[in-house]
**Student:** 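The structure under discussion is supplied below as structure tokens; questions concerning it will follow.
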Amino acid sequence: MQLNEAKAILFNKLYERDICIRCIFRLFKITEINAYKETQQFIQILFDVGKMIGKENKLVEEYDFLFKKRKAPIQYSDVQPLTCHSTLKDQFIKTPFHIFDKINKCVICHGILQCLDDQKFIEILVNEIKQKQYTFEAFKFQVKTPIGCQIRQIMIVNQCISEIDQNDPIYEYISSANFATDIKVCIKQIMCCLLSESLKVPSDSSDDRFQICLNFENLGDDVKQFEQFKQIIQEIDDQLWEEKITKKLKMNDPQLKAEIHDRLLKKKNQQSQPFLPTQNNLEKIQKLNKAQISQFKIVNVNYAVKLEVITNYQNIFIKGNYIKLGRFISQTPWIINGNRIYEESIEDLVSSEACKIFKPSSIKFHSGGREDIDVRMLGNGRPFAIELVDPHKGLQNQSQEILNQIEFQINSHNIVKVTPLSFTDASIFEELKNSEINKVKAYCCIVECKNVVNVELIQQANQIKDLIIKQKTPIRVLHRRTQMIRDKIIHSLQIKQINEKWLLVYILSSAGTYIKEFIHSDLDRTNPNLCSLLQNECDIYQLDVIKLYEKIDENVIVNFKSLDTECGSKI
């Protein structure tokens with residue numbers, strides 16, 4: 001740091017206000033990493049500053065008491081975990097900074113920058129990360145800091161500006177918009193190397209797979225620092241709102257203008273939000289001029305800074321197609337009033353082996369549509385993806401051999417089987433959505449008719465091509481789907497008699513068709529339907545999805561006509 005007399009005087013002004021040396025470096029926009037890490041350099045800088053302003057060793061003597069030496073060493077008992085519930089991550093909130101009661105806290109950073117390089121503190125963080133048993137070869141380091149720190153910084157800088165003559169060379173420097181280095185940058189400069197050395201893996205900002213985030217919070221202080229600005233910000237907001245409304249109210253009738261103004265004002269008051277310590281409100285405060293800021297002073301509070309250590313590994317996606325061979329097994333766990341209805345689900349059977357290997361915090365199951373619980377899914381199966389959330393063993397297990405092992409274990413069950421599994425990414429969501437909406441599906445069902453079936457009507461039905469049906473939302477799903485009429489297409493039918501009243505019905509339809517309702521009409525909510533086509537009362541006893549096609553064409557029709565030979569014995 002190159003010192004001159006003006007900078008030395010400013011340095012001393014900040015130092016006298018109990019600003020820690022690292023925050024002073026930030027305010028001087030020092031970017032050299034070593035300046036923040038080498039505490040021995042602090043002594044030399046203080047000596048140089050003191051010499052320039054005629055205080056010799058006084059600053060150095062004060063430093064040892066105020067900013068370096070604690071009155072008592074950190075003990076492991078000083079850092080106790082508090083409860084933090086999360087369904088996705090193993091998280092803990094710790095309060096290591098209550099030990100700052102044993103030193104003078106920096107007015108700006110509230111002590112955050114003062115003890116980051118303490119060896120015991122580093123050990124606590126490293127142990128917590130290791131206890132979560134991740135495997136990783138690099139980490140991306142992120143930081144979140146209390147927003148109140150920035151408010152205190154704005155006010156401190158404004159105080160210094162008011163004490164410096166406008167002709168002083170340092171005045172323009174300290175008044176510039178990009179005056180200080182961000183506190184988050186400093187924390188990264190101090191801690192990245194320390195954590196990397198302790199964890200024995202490099203820090204890599206371009207590698208998003210494993211992330212370590214230190215989330216420093218001090219909500220009590222944030223609220224207190226922001227509260228005092230509430231009125232002035234409200235007045236500015238009201239003024240801006242008035243100007244905006246004035247531009248809109250371009251009318252000559254004063255009475256009408258007043259009525260509309262009152263109505264808009266009432267609406268505005270109803271929509272007004274509480275003044276909270278948010279980034280949006282911080283930006284409004286940053287736009288205040290020096291005279292406005294000078295009305296306020298830093299609110300002295302003694303809330304402890306809390307640190308939440310968040311670790312997570314990038315989610316892993318595995319895709320495939322599942323074949324459901326049994327009936328009365330739900331796609332996802334079916335829970336009613338807190339009670340699980342069936343012991344197993346497709347999600348359980350497909351994901352259990354992956355969970356054993358990858359050790360995720362949780363899993364999410366995604367599929368291209370779903371079949372009813374009593375419907376089998378045969379043929380080429382239904383596309384699905386498992387999302388392994390925050391997998392602790394993600395690094396060494398992402399290989400095809402592991403997927404083959406998972407596939408073998410799933411296919412050892414008699415209820416569910418999967419086609420070859422592969423790794424994918426978040427783009428699978430679009431693929432599954434398109435599958436649900438656009439794919440053409442072939443079904444087979446066993447149908448009972450009330451009266452003897454007319455063979456001629458069966459032959460006519462078998463000639464159907466692209467029959468448009470209108471389906472009102474079925475009664476059985478009205479509780480969860482909007483009441484409306486949906487157009488669907490029956491591309492082809494193939495009806496075979498089992499006996500006089502029983503039929504084997506193959507249906508090729510557009511995605512999203514309610515097949516059961518097409519068969520029994522759903523009290524005529526689906527029209528036309530099989531009942532109307534055969535002029536008979538029909539009811540469905542068994543339904544299977546037997547094939548999925550990407551799109552409809554002549555080859556699909558030919559294939560559909562041969563499905564009886566291919567799948568008939570399995571029905």
Side-chain angles (χ1 to χ4, degrees), residues 324-328 370-379 440-479 481 483-549 552 556-571:
K324 174 184 166 188
L325 300 173
R327 301 191 192 277
F328 297 99
R370 62 171 60 227
E371 62 284 333
D372 289 341
I373 193 168
D374 58 342
V375 175
R376 292 188 299 177
M377 180 71 227
L378 306 176
V440 178
K441 299 174 184 178
Y443 299 84
C444 181
C445 49
I446 295 175
V447 175
E448 181 189 22
C449 299
K450 183 176 181 180
N451 304 310
V452 175
V453 180
N454 186 319
V455 177
E456 291 184 3
L457 293 177
I458 289 178
Q459 293 174 348
Q460 292 177 20
N462 285 343
Q463 301 304 311
I464 282 174
K465 184 177 181 181
D466 297 336
L467 173 68
I468 296 177
I469 64 173
K470 294 187 178 295
Q471 291 196 308
K472 284 186 181 178
T473 303
I475 294 171
R476 65 188 171 96
V477 298
L478 268 175
H479 65 285
R481 297 209 68 180
Q483 167 75 291
M484 62 182 295
I485 297 175
R486 298 173 177 86
D487 287 352
K488 298 297 177 182
I489 302 174
I490 303 298
H491 295 291
S492 184
L493 278 174
Q494 189 176 5
I495 303 174
K496 295 182 177 294
Q497 278 190 278
I498 298 174
N499 55 40
E500 290 182 338
K501 295 184 179 181
W502 287 82
L503 305 172
L504 190 63
V505 181
Y506 291 87
I507 304 168
L508 184 67
S509 72
S510 58
T513 304
Y514 290 101
I515 299 300
K516 292 177 180 178
E517 282 67 25
F518 170 71
I519 299 296
H520 59 61
S521 87
D522 196 30
L523 301 179
D524 288 326
R525 294 170 67 86
T526 293
N527 276 297
N529 52 68
L530 191 65
C531 298
S532 63
L533 293 175
L534 300 182
Q535 297 177 18
N536 209 329
E537 285 188 34
C538 302
D539 202 0
I540 186 167
Y541 273 80
Q542 184 174 292
L543 177 63
D544 294 317
V545 185
I546 54 177
K547 202 153 190 176
L548 271 65
Y549 300 96
I552 188 73
V556 169
I557 298 296
V558 172
N559 182 272
F560 171 71
K561 294 296 185 181
S562 66
L563 283 179
D564 180 51
T565 304
E566 181 181 335
C567 302
S569 62
K570 301 177 184 177
I571 304 302

**Student:** Let me see the working for Cys444 and Leu563 under side chain to side chain contact (heavy atoms under 4.5 Å, CB included), right down to the final yes or no.
**Tutor:** CA-CA 9 Å; Cys444 181; Leu563 283 179; over 6 Å; no
**Student:** Where do Tyr514 and Arg476 come nearest, in terms of heavy atoms and distance?
**Tutor:**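 Scanning both residues completely, I find the closest heavy atoms to be CD2-NH2, 3.8 Å.
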**Student:** Minimum heavy-atom separation for Cys538 and Cys531, please, with both atom names.
**Tutor:** N-SG, 3.4 Å
**Student:** How close do Thr513 and Ile469 get, counting heavy atoms only, and between which atoms?
**Tutor:**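 Nearest pair, atom of Thr513 first, then Ile469: CG2-CD1, 4.1 Å.
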**Student:** Quick check: does any side chain N or O of Lys488 sit under 3.5 Å from a backbone N or O of Ala511, one acting as donor and the other as acceptor?
**Tutor:** yes
**Student:** Might you point out which heavy atoms bring Asp374 and Arg327 nearest each other, and give the distance in Å?
**Tutor:** O-NH1, 3.1 Å
**Student:** State, to 0.1 Å, how close Cys445 and Leu543 come at their nearest heavy-atom pair, and which atoms those are.
**Tutor:**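 Nearest heavy atoms, Cys445 then Leu543: CB-CD1, 3.8 Å.
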**Student:** Knowing that exactly one of Ile458, Val453, Asn454 qualifies, which makes a side-chain contact (heavy atoms from CB on, under 4.5 Å) with Glu456?
**Tutor:**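 It is Asn454, the one option of Ile458, Val453, Asn454 that forms the side-chain contact (heavy atoms from CB on, under 4.5 Å) with Glu456.
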**Student:** Return yes if a side-chain donor-acceptor contact under 3.5 Å exists between Arg486 and Thr473, otherwise no.
**Tutor:**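 On atom types as modelled, these side chains qualify, holding a pair under 3.5 Å.
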**Student:** Roughly how far, to the nearest 0.5 Å, is the CD atom of Glu500 from the SG atom of Cys449?
**Tutor:**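 It comes to 11.5 Å.
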**Student:** Evaluate the criterion side chain to side chain contact (heavy atoms under 4.5 Å, CB included) for residue pair Asp522 and Lys472; output intermediate values, then yes/no.
**Tutor:** CA-CA 9 Å; Asp522 196 30; Lys472 284 186 181 178; over 6 Å; no
**Student:** Just verifying a value: how many Å separate Leu530 CG and Leu457 CG, rounded to the nearest 0.5 Å?
**Tutor:** 10.5 Å
**Student:** Nearest 0.5 Å please: distance from the NE2 atom of His491 over to the CG atom of Leu508.
**Tutor:** 6.0 Å
**Student:** Using side chain to side chain contact (heavy atoms under 4.5 Å, CB included), reason through Leu493 and Ile507 one step at a time and then give a plain yes or no.
**Tutor:** CA-CA 5 Å; Leu493 278 174; Ile507 304 168; 3.6 Å; yes
**Student:** How close do Phe560 and Ser492 get, counting heavy atoms only, and between which atoms?
**Tutor:**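 Taking Phe560 first and Ser492 second, the nearest heavy atoms are CE2-OG, 3.4 Å.
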**Student:** Is there a side-chain contact between Leu548 and Met377, using heavy atoms and a 4.5 Å cut-off?
**Tutor:** yes
**Student:** Can a donor-acceptor pair be found, under 3.5 Å and without considering hydrogens, that links the side chain of Asn451 to the backbone of Asn536?
**Tutor:** no
**Student:** Among Lys324, Lys441, Arg376, find the residue that satisfies the salt bridge (Lys or Arg N to Asp or Glu O under 4.0 Å) test when tested with Asp544.
**Tutor:** Arg376
**Student:** Under the side chain to side chain contact (heavy atoms under 4.5 Å, CB included) rule, what do Asn529 and Asp524 come out as? Steps first, then yes or no, please.
**Tutor:** CA-CA 8 Å; Asn529 52 68; Asp524 288 326; 4.1 Å; yes
**Student:** How many angstroms lie between CG in Asp539 and NZ in Lys450, if you round to the nearest 0.5 Å?
**Tutor:** 11.5 Å
**Student:** Are Leu503 and Lys496 close enough that some pair of their side-chain heavy atoms sits under 4.5 Å apart?
**Tutor:**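 No, their side chains stay 4.5 Å or more apart.
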**Student:** Which distance, rounded to the nearest 0.5 Å, do you find between the CD1 of Ile485 and the OG1 of Thr526?
**Tutor:**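 OG1 of Thr526 is found 10.0 Å from CD1 of Ile485.
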**Student:** In Å and rounded to the nearest 0.5 Å, what is the OG to NZ distance from Ser521 to Lys516?
**Tutor:** 15.0 Å
**Student:** Check whether any side-chain N or O of Asp372 sits under 3.5 Å from a backbone N or O of Val375 as a donor-acceptor pair, and report yes or no.
**Tutor:**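 Answer holds: no.
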**Student:** More than 12 heavy atoms of other residues, nucleotides or ligands under 6.0 Å from NZ of Lys470: yes or no?
**Tutor:** no
**Student:** Is the CD atom of Gln497 crowded by more than 12 outside heavy atoms at less than 6.0 Å?
**Tutor:** yes
**Student:** I want to check something: taking the side chain as every heavy atom from C-beta on, are Ile446 and Leu504 in contact at a cut-off of under 4.5 Å?
**Tutor:**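 Yes, at least one pair of side-chain atoms sits under 4.5 Å.
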